[in-house]
Amino acid sequence: MNAHQPVYLTAEGAEGLRRELDRLVNVRRPALAERLRRAIQQGDLSENADYQVAKEEQAFLESRIQQIEEMLRNAVMIQEDGPTDEVALGSRVTVVEEGAGESETFHIVGPAEANPASGKVSHESPLGRSLLGHRVGDTVAVEAPGGEIAFRITAIQ
């Protein structure tokens, strides 16, 4: 992650990162430090599997803490109460796949909180990029692994 690259987050996404950071710093880090202390007390660290595993977990934990801190430092909050005449970052967009009939709603978010399984798609994804700037009634084409898919926008919130 580039140190100066903006990280687009919704208020909900930023709060989730703050909660995760708090848990990592105030719960996981002290518990891991205690595990390391106990492993060190066992002696001979070169053959101490508990120590080696705890050190690997510590490296992962510290890396994640730094990553979250960096994301929060570079956070650009997505305004979710803006105009709804055009799809933008933060919009909730309801679309119907041409020929499918069933509608789906997607929340356009930054890559840091994208989770397609829960309907959150990155504005940098093929679907997100295709929807940005369009209006209700527009049909957009999305390049998918299985070929091009056309979606008609039915609502923007």
Side chains of residues 19-26: which donor-acceptor pairs under 3.5 Å do they make with residues two or more places apart or in other chains?
unit_1 : atom_1 : unit_2 : atom_2 : d
E20    : OE1    : R64    : NH2    : 2.9
E20    : OE2    : R64    : NE     : 2.9
E20    : OE2    : R64    : NH2    : 3.3
D22    : OD1    : N26    : ND2    : 2.4
N26    : ND2    : D22    : O      : 3.3

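- Applying the salt bridge (charged side-chain N to carboxylate O under 4.0 Å, His left out) test to residues at least two apart or on different chains, none of the pairs has a partner in residues 96-112.
- Partners of R129 under the salt bridge (charged side-chain N to carboxylate O under 4.0 Å, His left out) rule, at least two apart in sequence or in another chain, do not exist in this structure.
- Of the inter-residue distances, the one linking K55 atom NZ with L32 atom CG reads 9.0 Å to the nearest 0.5 angstrom.
- Contacts of E69 classified as salt bridge (charged side-chain N to carboxylate O under 4.0 Å, His left out), with partners at least two apart in sequence or in another chain: none.
- In this structure, the salt bridge (charged side-chain N to carboxylate O under 4.0 Å, His left out) partners of R29, at least two apart in sequence or on a different chain, are E62.
- The side chain to side chain donor-acceptor pair (under 3.5 Å) search around T94 returns T105, not counting sequence neighbours.
- With rounding to the nearest 0.5 angstrom, the CZ atom of R152 is 14.5 Å from the NE2 atom of H134.
- Contacts of E57 classified as salt bridge (charged side-chain N to carboxylate O under 4.0 Å, His left out), with partners at least two apart in sequence or in another chain: R35.
- Taking each heavy atom of G110 and H123 in turn, the nearest pair found is CA-ND1, 3.8 Å.
- For Q79, there are no side chain to side chain donor-acceptor pair (under 3.5 Å) partners at least two apart in sequence or on another chain.
- The shortest non-hydrogen separation linking V109 to K120 is CG2-CB, 4.0 Å.
- Separating the CD atom in Q58 from the CZ atom in R28 is a distance of 11.5 Å, to the nearest 0.5 Å.
- Identified under the salt bridge (charged side-chain N to carboxylate O under 4.0 Å, His left out) test for residues 134-143, with sequence neighbours left out: D85-R135, E86-R135.
- The heavy-atom pair separating S130 from P126 by the smallest distance is OG-O, 2.8 Å.
- As a member of the Ile/Leu/Val/Met/Phe/Trp/Tyr network built from side-chain separations under 4.5 Å, L131 groups with Y8, V76, I78, V87, L89, V93, V95, F106, I108, V121, L127, L132, V136, V140, V142, I149, F151, I153, I156.
- With values rounded to the nearest 0.5 angstrom, Q67 atom CD is found 11.5 Å from I65 atom CD1.
- Around CD of E34, the count of heavy atoms belonging to other residues, nucleotides or ligands within 6.0 Å exceeds 12.
- Applying the ring-ring contact (aromatic ring centres under 6.0 Å, His included) definition to pairs two or more places apart or across chains, none involves residues 51-98.
- Proximity of a side-chain donor or acceptor of S63 to a complementary backbone N or O of A59 within less than 3.5 Å is not detected.
- For T10, the side chain to side chain donor-acceptor pair (under 3.5 Å) criterion is met by E113, not counting sequence neighbours.
- Closest approach of A14 to L72, counting heavy atoms only: O-CD2, 4.0 Å.
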